[in-house]
Amino acid sequence: MPEDNPTLKSQYAKQVAADIEANAREQERLKSEAAELQEQLEALQQDHELLLSMQTALGAAPATESTAATTAVVPGARRANTAAGKAKRPKNAPKTKADAKAQPAGPPLRELVVALLAEHHEPRSAAEVTKELAQAHPKRTVNVTLVRNALEASVAKNQSERTKQQNSVYYSAITGPAVEQPAPSTG
């Protein structure tokens with residue numbers, strides 16, 4: 001029987017060592033997944049903020065369900081302290097330059113687009129409207145996608161009309177009194 005103890009003891013020792021190694025690998029895997037999920041969450045939160053600013057720029061009413069979902073706070077992944085000690089940014093400060101630029105300055109983009117279309121008697125493309133808005137409002141962030149969305153919102157609210165010529169889409173202001181009607185369903 002004394003001969004069995006060293007063998008049994010060595011088997012237990014090997015098993016414990018293997019379990020410790022497996023545990024360490026599993027911890028690393030879960031830390032990696034947690035960090036990856038945290039990055040995905042941060043990216044989704046930034047996208048959500050951008051979409052909310054676009055919604056505001058379009059003059060649409062904010063959705064109440066989505067704003068309630070953003071109030072839940074998920075703790076961030078724990079990170080080792082750095083020797084340099086990073087300076088904290090103020091709570092209300094924009095996270096990036098893009099966030100700072102995304103904040104609307106002045107009237108909603110849709111109003112600016114409709115006013116610009118009203119100044120012209122001929123239809124304008126989204127690119128032309130974007131170029132003119134960028135010149136008229138240099139401090140405001142304007143790109144073709146935002147302007148196109150604002151133009152489509154103005155069409156939906158009967159403030160402007162859309163015409164298609166071959167592969168191009170042009171917009172013009174409605175000259176008569178605009179009656180706000182729902183857009184026809186395309187179903």
Side-chain angles (χ1 to χ4, degrees), residues 1-110 112-113 126-127 130 133-134 137-153 156 182-183 185-187:
M1 202 90 182
E3 297 172 37
D4 289 343
N5 284 341
T7 308
L8 187 59
K9 187 176 181 180
S10 65
Q11 286 176 343
Y12 278 131
K14 285 181 186 177
Q15 183 62 42
V16 168
D19 289 347
I20 290 172
E21 188 177 322
N23 183 288
R25 279 194 310 264
E26 185 67 9
Q27 285 183 37
E28 285 301 314
R29 184 184 70 79
L30 290 175
K31 284 179 186 177
S32 165
E33 285 181 17
E36 194 175 305
L37 288 172
Q38 184 64 32
E39 289 174 10
Q40 290 176 0
L41 175 63
E42 289 171 2
L44 285 172
Q45 287 172 336
Q46 288 176 349
D47 290 348
H48 187 262
E49 290 173 11
L50 176 64
L51 290 169
L52 286 175
S53 67
M54 288 176 65
Q55 186 179 43
T56 302
L58 293 172
T64 55
E65 290 179 25
S66 63
T67 55
T70 60
T71 58
V73 177
V74 177
R78 293 185 181 121
R79 294 183 179 94
N81 292 336
T82 59
K86 295 180 182 178
K88 289 189 174 185
R89 78 179 164 79
K91 280 187 176 182
N92 295 335
K95 293 177 185 166
T96 63
K97 290 181 183 178
D99 291 341
K101 290 181 179 180
Q103 297 175 355
L109 186 59
R110 183 174 43 84
L112 294 175
V113 165
T130 303
L133 280 175
H137 303 278
K139 291 185 179 181
R140 189 171 187 134
T141 301
V142 190
N143 65 43
V144 177
T145 304
L146 285 175
V147 170
R148 188 175 297 115
N149 289 339
L151 286 164
E152 289 298 326
S185 70
T186 57

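Each residue takes its place number in the sequence, starting with 1.
Considering CG of L41 and NE2 of H48, their distance stands at 11.5 Å, rounded to 0.5 Å.
Side-chain atoms of S32 never come within 3.5 Å of backbone atoms of E28 as a donor-acceptor pair (strictly under, hydrogens ignored). Side-chain atoms of R110 come within 3.5 Å of backbone N or O of L58 as a donor-acceptor pair.
For the pair L51 and Q55, the minimum side-chain heavy-atom distance is 4.5 Å or more.
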Please tabulate, one pair per line, all N/O donor-acceptor pairs under 3.5 Å involving side-chain atoms of residues 11-22, not counting sequence neighbours.
unit_1	atom_1	unit_2	atom_2	d
Q15	NE2	D19	OD1	2.9
E21	OE2	R25	NH1	2.9

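Residues forming a side-chain contact (heavy atoms from CB on, under 4.5 Å) with L30 (at least two apart in sequence, or on another chain): E26, E33. For L133, the side-chain contact (heavy atoms from CB on, under 4.5 Å) criterion is met by L109, L112, V113, L116, V129, H137, V142, V147, not counting sequence neighbours.
Annotation for R140 and P107: closest pair NH1-O, 2.7 Å, computed over non-hydrogen atoms. In terms of heavy atoms, L146 sits closest to N143 at N-OD1, 2.8 Å.
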